[in-house]
Number of protein chains: 2
Amino acid sequence: MDTRILIADDHSMFADGIESILNEQEGIQVVGKCYDGASILPYLKKNEIDIILLDVNLPEKNGIEVCKEVIAAFPEMKILAISMFNQESYVTEILKNGAKGYILKNTGREELMQAIQTVTEGNTFFSKDVTQTIMRGLMNERKGGTPSKGFIPKITRREKEVLKLIVQEYTTQEIGEKLFISLKTVESHRSSLLAKVSVRNTAGLVRKAIEHKLLD
Amino acid sequence: MDTRILIADDHSMFADGIESILNEQEGIQVVGKCYDGASILPYLKKNEIDIILLDVNLPEKNGIEVCKEVIAAFPEMKILAISMFNQESYVTEILKNGAKGYILKNTGREELMQAIQTVTEGNTFFSKDVTQTIMRGLMNERKGGTPSKGFIPKITRREKEVLKLIVQEYTTQEIGEKLFISLKTVESHRSSLLAKVSVRNTAGLVRKAIEHKLLD
DNA sequence: GGAAGTATAGGGGAAAACCCTCATTTTCTA
DNA sequence: TAGAAAATGAGGGTTTTCCCCTATACTTCC
């Protein structure tokens with residue numbers, strides 16, 4: 001029986017490409033594609049799938065949340081995470097939530113095949129680069145003593161508005177004028193944002209906003 | 001005779017995927033792939049190519065520079081730009097430099113085929129989203145009167161070091177300590193960076209740094 | 001029908017970023 | 001090897017961000 005694969009990535013050109021690569025292979029069959037996080041769980045309820053290739057950085061509902069939900073509903077599901085970013089918080093977080101592997105988008109096709117096979121068999125696969133990241137993460141782990149989180153906050157509607165304007169280079173003053181609220185209110189939102197995404201300053205805020213696709 | 005295609009993208013999984021899609025098609029043949037900007041021109045000198053699928057956001061030497069060089073050496077070369085970002089400055093700039101089309105990575109395979117065919121025939125193709133962006137750009141154009149640039153700077157070695165640390169949330173003070181230079185020197189570099197990428201503040205700097213892959 | 005969460009807003013202060021001008025040394029490169 | 005570009009640094013100022021604290025009105029959810 002073929003290994004049945006679901007591809008979940010919001011870039012359809014990428015998803016189509018992977019599909020095309022995989023369908024050339026023996027014993028593998030791409031049976032579905034999802035272009036956003038929300039449609040994955042409904043799909044799984046109607047179709048038999050062996051392994052999900054899951055983009056970590058999905059818009060709306062991100063890959064980590066999706067992963068958690070999927071594992072909750074289908075504890076045996078094999079999930080191979082795929083991402084542009086080789087960042088420790090992503091890797092550890094999605095693994096905590098049940099993913100069985102993590103590869104980067106600059107992975108070649110042989111390695112991709114190997115990863116799929118490994119995960120399908122119930123084992124775990126990491127790209128070489130990712131392994132290094134994890135190791136580096138483990139090194140730095142328990143030293144500051146921080147509970148070591150580093151991700152998914154829940155941004156409110158208003159905070160997101162403010163965040164978008166920050167990324168567009170507006171100052172706090174200007175944001176207040178645009179949204180018809182006081183400078184102090186904007187400052188409050190900024191503070192919450194810094195705390196929620198756990199960064200020190202605007203630079204980190206903008207970086208995480210982009211990496212975590214907080215701007216849709 | 002088949003249309004001979006060169007794919008230039010640093011994410012090999014993506015490049016492989018596109019290759020796989022295209023090789024399924026009649027009359028099309030992917031004859032090469034480049035994973036960075038520097039290897040494109042040498043490749044073209046040794047191989048006959050009809051059309052290049054060029055990622056705008058290549059590391060090291062970006063897509064726009066590559067495009068310029070390629071057109072300088074091969075004025076008749078057909079270039080179809082592909083990007084994650086639907087941003088006006090990218091679109092207009094790469095078109096100025098000789099690209100014949102611009103599509104996003106969330107483009108489906110039918111549209112991709114259509115784009116390739118269109119461009120190969122010497123015509124111009126834009127994704128629907130991109131067309132809107134261009135229109136919006138034209139609207140806002142000649143009103144501030146700015147010479148309307150909006151991009152490619154040449155970041156020096158030291159500036160890049162500083163930039164990386166900024167993105168990693170270090171303050172000017174800390175950057176100075178890390179690089180063993182004075183706070184004032186770091187400020188100088190920050191100023192140059194703001195000017196070169198033409199943004200107002202750190203938020204814009206970080207955004208552009210990521211979008212333009214200034215951090216490799 | 002409270003409790004939790006969100007949006008609002010203020011005071012006050014410290015730190016950081018931003019801006020301008022200028023000058024010296026080092027390093028590339030034509 | 002001379003000039004350009006890059007890296008260094010300073011003085012002195014303004015603006016913005018960040019960080020405490022507190023506090024009220026409104027929504028939403030259990």
Side-chain angles (χ1 to χ4, degrees), chain A residues 60-61 65 144 146 149-150 152-210 214-216, chain B residues 38 60-61 65 69 72 146 149 152-210 212 214-216:
Chain A
E60 301 288 320
K61 186 188 286 188
E65 287 187 59
T146 12
K149 39 171 284 71
I152 342 184
K154 271 158 200 163
I155 305 297
T156 68
R157 190 196 96 255
R158 200 54 154 173
E159 282 163 359
K160 186 179 282 189
E161 289 184 75
V162 171
L163 180 53
K164 279 187 197 175
L165 294 172
I166 291 172
V167 174
Q168 285 166 43
E169 294 167 51
Y170 290 97
T171 66
T172 300
Q173 181 72 52
E174 291 165 348
I175 294 170
E177 285 160 13
K178 267 199 169 270
L179 300 181
F180 303 107
I181 55 180
S182 107
L183 182 145
K184 276 297 183 179
T185 305
V186 181
E187 278 191 343
S188 291
H189 292 311
R190 286 190 89 127
S191 290
S192 314
L193 283 166
L194 291 182
K196 284 188 180 178
V197 306
S198 53
V199 293
R200 301 171 62 194
N201 53 33
T202 304
L205 190 57
V206 172
R207 193 191 71 236
K208 290 224 179 177
I210 295 172
L214 265 24
L215 308 166
D216 308 302
Chain B
E60 301 289 320
K61 186 188 287 188
E65 286 187 61
E69 287 180 6
T146 12
K149 38 172 286 52
I152 340 185
K154 271 157 201 165
I155 305 297
T156 68
R157 191 197 95 254
R158 201 54 156 172
E159 283 163 358
K160 186 179 284 190
E161 289 185 76
V162 171
L163 181 52
K164 280 187 197 174
L165 293 172
I166 291 171
V167 174
Q168 284 166 44
E169 294 167 49
Y170 289 97
T171 66
T172 301
Q173 181 71 53
E174 292 165 348
I175 293 170
E177 286 160 14
K178 266 195 169 276
L179 299 181
F180 304 106
I181 55 180
S182 106
L183 182 144
K184 277 297 183 180
T185 305
V186 181
E187 279 191 342
S188 291
H189 292 310
R190 288 191 87 128
S191 290
S192 314
L193 283 166
L194 291 181
K196 284 188 180 178
V197 306
S198 53
V199 292
R200 300 171 64 195
N201 53 32
T202 304
L205 191 57
V206 172
R207 192 190 73 236
K208 291 225 180 176
I210 295 172
H212 291 267
L214 265 24
L215 308 167
D216 309 303

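Quick caveat: nothing in here was measured; it's all calculated off a predicted structure. To find a chain, count down the sequence lines: A is the first, B the second, and so on, and within it residues start at 1.
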*Remember a base hit wins even if backbone is also touched, and classify B:Gln173 as base, sugar-phosphate or nothing at under 4.0 Å, heavy atoms.*
nothing
*asked:* Within this structure, what is the OG1-CG distance for the pair B:Thr202 and A:Leu205, rounded to the nearest 0.5 Å?
replied: 11.5 Å
*Using whole Å, report how far CD1 of A:Ile175 lies from P of C:dA7.*
15 Å
*With a 4.5 Å limit on heavy-atom distance, are the side chains of B:Leu165 and B:Leu179 in contact?*
yes
_Contact nearer the 5' end of DNA chain C, comparing A:Ile181 with B:Glu174_ = A:Ile181
*Closest contact, heavy atoms only, A:Ile166 versus A:Ile175*: CG1-CD1, 3.7 Å
_In this structure, how many angstroms lie between the P atom of D:dT16 and the CG atom of B:Leu205, rounded?_
17 Å
_Among D:dT8, D:dC18, C:dT8, the nucleotide that comes nearest once only the side chain of B:Arg158 is considered_ = D:dT8
*Do the side-chain N or O atoms of B:Ser182 get closer than 4.0 angstrom to the phosphate oxygens (OP1, OP2) of D:dA10?*
yes
*B:Ser191 side chain N/O closer than 4.0 Å to the phosphate oxygens (OP1, OP2) of C:dC20?*
no
*Spatial distance of atom OG1 (B:Thr185) from atom CZ (B:Arg190) [nearest 0.5 Å]*: 13.5 Å
_Let me confirm one number: the CG-OG distance from A:Leu193 to A:Ser198, rounded to the nearest 0.5 Å._
12.0 Å
*Base, sugar-phosphate alone, or nothing: which one does A:Ser188 contact when heavy atoms must sit under 4.0 Å apart?*
base
*Quickly work out the B:Glu161 CD to D:dA6 P distance and round it to whole Å.*
15 Å
*Could you pull out the closest heavy-atom pair between A:Glu169 and B:Gly204, with the gap in Å?*
CG-CA, 3.4 Å
*Is it true that B:Lys178 and B:Glu161 make a salt bridge, defined as a side-chain N closer than 4.0 Å to a carboxylate O?*
no
*Do any side-chain nitrogens or oxygens of B:Arg157 fall under 4.0 Å of OP1 or OP2 in D:dA7?*
yes
_Euclidean distance, atom CG of residue A:Leu194 to atom C1' of C:dA15 [Å, nearest integer]_ = 14 Å
*Rounded distance (Å) that lies between atom C1' of C:dA7 and atom NZ of A:Lys160*: 17 Å
*Hey, could you give me the CD/OG distance between B:Gln173 and B:Ser182, rounded to the nearest 0.5 Å?*
9.5 Å
_B:Thr156 or B:Glu187, whichever maps to the more 5' nucleotide of DNA chain D_ = B:Thr156
*Would you indicate what B:Leu183 reaches in the nucleic acid, counting non-hydrogen atoms under 4.0 angstrom: base, sugar-phosphate, or nothing?*
nothing
*Please state how far atom CD in B:Glu177 lies from atom P in C:dA15, giving the value in whole angstrom units.*
14 Å
*Which whole-number value in Å describes the distance from B:Asn201 CG to C:dC18 P?*
6 Å
_For B:Glu159 and B:Arg200, find the nucleotide of DNA chain D closest to each by heavy atoms; which residue's nucleotide sits nearer the 5' end?_
B:Glu159
_Per B:Lys184 side chain, nearest of listed nucleotides D:dG9, C:dA17, D:dC19_ = D:dG9
_Between P on C:dA7 and CZ on A:Arg190, what's the gap in Å once rounded to a whole number?_
17 Å
*asked:* Using the side-chain heavy atoms of B:His189, tell me which of these nucleotides is nearest: D:dT17, D:dC18, D:dA7.
replied: D:dA7
*Taking only heavy atoms on the protein side, list every residue of residues 162-170 of chain B lying under 4.0 Å from any atom of DNA chain C, sorted numerically.*
none
*asked:* Students often get this wrong, so: under 4.0 angstrom with heavy atoms, is B:Thr185 touching a base, only sugar-phosphate, or nothing?
replied: base
